[in-house]
Amino acid sequence: IAFEEKALSLMSRNYSIRHFIHHSDSEKVSYDNKLCQVYLVCPAEVTSSGHFNSKKTKMNIFRLPKLLHACVTFCCCQGLTVSLFAQQQKVDTARIYSIPEVTVAEAYHTREVRAMAPTQVFSKEELKSLNVLQVSDAVKHFAGVTVKDYGGIGGLKTVSLRSLGAEHTAVGYDGITISDCQTGQIDIGRFSLDNVDRLSLSNGQSDNIFQPARFFASAGILNIQTLTPQFKDNRRTNLSASFKTGSWGLVNPSLLIEQKLNRKWVLSANGEWMSADGHYPFTLHYGENNDLSSREKRKNTEVKNLRAEAGLFGNFSDTEQWRLKAYYYQSSRGLPNATTYYYDYSSQHLWDKNVFVQSQYKKEFNRQWVFQTSAKWNWSYQRYLDPDYKGSEGKTENSYYQQEYYLSASALYRVLSNLSFSLSTDGSINRLNANLKDFAYPTRYSWLTAFRSEEHTSELQSPRTIS
């Protein structure tokens, strides 16, 4: 009976199958649906190993061609009937069908978190979704940072990590650190987001071992990466303009031009103007019980900023690039006072100017050796005025000038695919001048060197730094 059911199953298929079942060394059963003949073997005794004992078996052979033809015809008719019935049945669209739960399982990936120091990154698209104007506004969205704002719209804005102070957080612009030898703090409110392509923050030593030595001497790194010109559809010129306006007299136009000179050289220029009066309203309460109050406006909070940048990009090959950037910034800001005993008058003012030119060259000789060098010249000016100072001169006016000459070189050597070494050395000269009496006029010479190795596997990453 079992062999008969197997034969019927094979006969219901549309292709020829010849199947042999060996039950002994000399005997077999054959099914051939072309001949429509089935030979069944009915054993009388089966051994413990599952083979037929042919010596003690008496076989009966039956031919069943008509029976098999009838079975095949019956199955075909049944299949055709079911198919026609399914086509005629309509789907009830008003009915709610219950879908069973589906579980999707995948191996847990740890490559994203394989880092020694927490690193947070904002791309250009993510920065646009934040709806912020300045870098200082975007940094506030990073976790674990402290952004200090000193006085209104035009106040100094600094960033610090792990409560170590802003002087321990390095701020990089296109991979080159920005310095201020007067205060040691960088005002990140002067950088706009219109020309920023990537904003990254490393809490601690970065996993990137191929960087200037100054970065290794800091407790945290905030790196501002500007846009690199890209041309699509064989275009040679990119032009982008924007205009923003808002409350308290905010006006912010900007313009970006990118020009492709030839196959290797690209030129870009970017400019921005921002002004605001900052006269936002507030409620001033009188008395201890707040029984009286008045609506006032913040005074001496006007801000005017101008920023201009020009960049020259040389892409000689996939392994050799050169970049030159010139930056200019000036600002005029009012410094509001705190309202004390209903007195909110303020006339203090601050002017800033900053110019720097920086260059960066990178060359990859082969898979093992990579070399890069950077150079920078920085000049800044700051003027502070208090016309209502009650002194012999009737005012306070201070001016500060500082210059910096900076040079850096780094080499990377890849011993294996998971083992690398880097050597970075930086040298800088800083000078500070002022119009103050008996000023010290300091000059500082700095030389930093860092040697770092990094070994990583699929489960462990172990960088080591010697400074």
Side-chain angles (χ1 to χ4, degrees), residues 122 124 127-142 145-159 166 171 173 178 180 183 185-196 199 222 224 226 240-256 269-284 294-309 327-340 343-355 380-388:
F122 280 147
K124 181 181 178 181
L127 291 174
K128 288 182 179 180
S129 64
L130 295 178
N131 295 323
V132 292
L133 296 177
Q134 300 173 337
V135 171
S136 58
D137 300 326
V139 173
K140 295 179 182 178
H141 292 80
F142 284 133
V145 302
T146 302
V147 178
K148 294 185 178 180
D149 191 343
Y150 300 86
I153 299 177
L156 177 68
K157 299 173 179 62
T158 61
V159 56
V171 179
Y173 201 75
I178 303 173
D180 189 330
T183 63
Q185 302 179 357
I186 306 301
D187 182 14
I188 60 176
R190 70 184 190 182
F191 299 106
S192 174
L193 292 175
D194 289 341
N195 196 33
V196 174
L199 194 65
L222 174 64
I224 305 170
T226 59
S240 176
S242 65
F243 181 85
K244 305 181 185 69
T245 184
S247 304
W248 310 311
L250 175 64
V251 177
N252 182 214
S254 64
L255 178 65
L256 173 64
N270 176 249
E272 179 190 30
W273 168 264
M274 194 272 287
S275 65
D277 54 39
H279 294 166
Y280 59 88
F282 67 97
T283 301
L284 180 61
S294 64
R295 294 289 292 173
E296 305 291 341
K297 285 189 176 182
R298 194 70 164 162
K299 298 178 181 179
N300 196 32
T301 56
E302 66 274 9
V303 178
K304 295 179 180 179
N305 297 336
L306 173 64
R307 180 186 59 84
E309 296 184 35
Y327 177 91
Y328 175 78
Y329 171 82
Q330 73 173 25
S331 67
S332 174
R333 296 175 285 182
L335 303 179
N337 275 338
T339 302
T340 305
Y343 181 80
D344 59 353
Y345 174 78
S346 177
S347 60
Q348 300 177 17
H349 212 85
L350 187 66
W351 292 268
D352 289 287
K353 290 183 180 180
N354 180 229
V355 179
S380 62
Y381 163 77
Q382 187 177 79
R383 178 192 173 199
Y384 168 77
L385 175 63
D386 184 5
D388 297 329

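To the nearest 0.5 Å, atom CG of residue Asn252 and atom CZ of residue Phe243 are 8.5 Å apart. To the nearest 0.5 Å, the span separating OG on Ser240 from CG on Leu255 amounts to 8.0 Å. Taking OG1 of Thr301 as the reference point, atom CG of Asp277 lies at 6.5 Å (rounded to 0.5 Å). Going from atom CG of Asp344 over to atom CG of Leu284 covers 7.5 Å, rounded to the nearest 0.5 Å.
Leu199 and Leu222 get closest at one heavy-atom pair: CD1-CD1, 4.0 Å. Contact detail for Ile178 and Tyr173: the closest heavy-atom pair is CD1-CB, 3.7 Å. Considering every non-hydrogen atom in both Val135 and Ile188, the closest pair reads CB-O, 3.7 Å. Among all heavy-atom pairs drawn from Gln134 and Leu193, the shortest one is O-CD1, 3.5 Å. Nearest heavy-atom pair, Ser136 versus Gly189, reported as atom, atom and distance to 0.1 Å: OG-CA, 3.8 Å. Nearest heavy-atom pair, Ser332 versus His349, reported as atom, atom and distance to 0.1 Å: OG-NE2, 2.7 Å.
Side-chain contact between Lys140 and Val145 is absent, with no heavy-atom pair separated by less than 4.5 Å. Proximity of Tyr345 to Asp388: side-chain heavy atoms (C-beta onward) are separated by under 4.5 Å at one or more points.
Ring orientation note: the planes of Tyr329 and Tyr327 are close to parallel, at an angle under 30° on the 30°/60° scale.
Arg307 and Asn195 share no donor-acceptor pair across their side chains, judged by distance under 3.5 Å alone. For the residue pair Asn300 and Gln348, no side-chain donor N or O sits within less than 3.5 Å of a side-chain acceptor on the partner. A side-chain donor-acceptor contact under 3.5 Å links Ser192 and Glu272. Between the side chains of Ser294 and Glu296, at least one donor N or O sits under 3.5 Å from an acceptor N or O.
Each of Leu250, Asp194, Val251 was evaluated against Lys244; a single residue qualifies, Asp194, per the side chain to side chain contact (heavy atoms under 4.5 Å, CB included) test. Under the side chain to side chain contact (heavy atoms under 4.5 Å, CB included) test applied with Leu350, the options Leu335, Leu385, Leu156 reduce to a single match, Leu335.
No more than 12 heavy atoms of other residues, nucleotides or ligands lie within 6.0 Å of NZ in Lys297, so this atom counts as exposed by the packing criterion. Open room surrounds CH2 on Trp248; 12 or fewer heavy atoms of other groups in view lie less than 6.0 Å from it.
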Practice prompt. Determine, step by step, whether Val303 and Ser275 satisfy the side chain to side chain contact (heavy atoms under 4.5 Å, CB included) criterion, reporting the C-alpha distance in whole Å, the side-chain angles of both residues, the deciding distance to 0.1 Å, and the verdict.
Written response: CA-CA 5 Å; Val303 178; Ser275 65; over 6 Å; no
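With hydrogens and angles disregarded, a donor-acceptor distance shorter than 3.5 Å links the side chain of Asp187 to the backbone of Lys157. Asn354 places no side-chain N or O within donor-acceptor distance of the main-chain N or O of Gln330, the cut-off being under 3.5 Å.
Ion pairing between a basic and an acidic side chain is recognised when a charged N comes within 4.0 Å of a carboxylate O; Lys304 and Glu302 show no such pairing. Salt bridge Arg333/Asp352: present, at least one basic N to carboxylate O contact under 4.0 Å.
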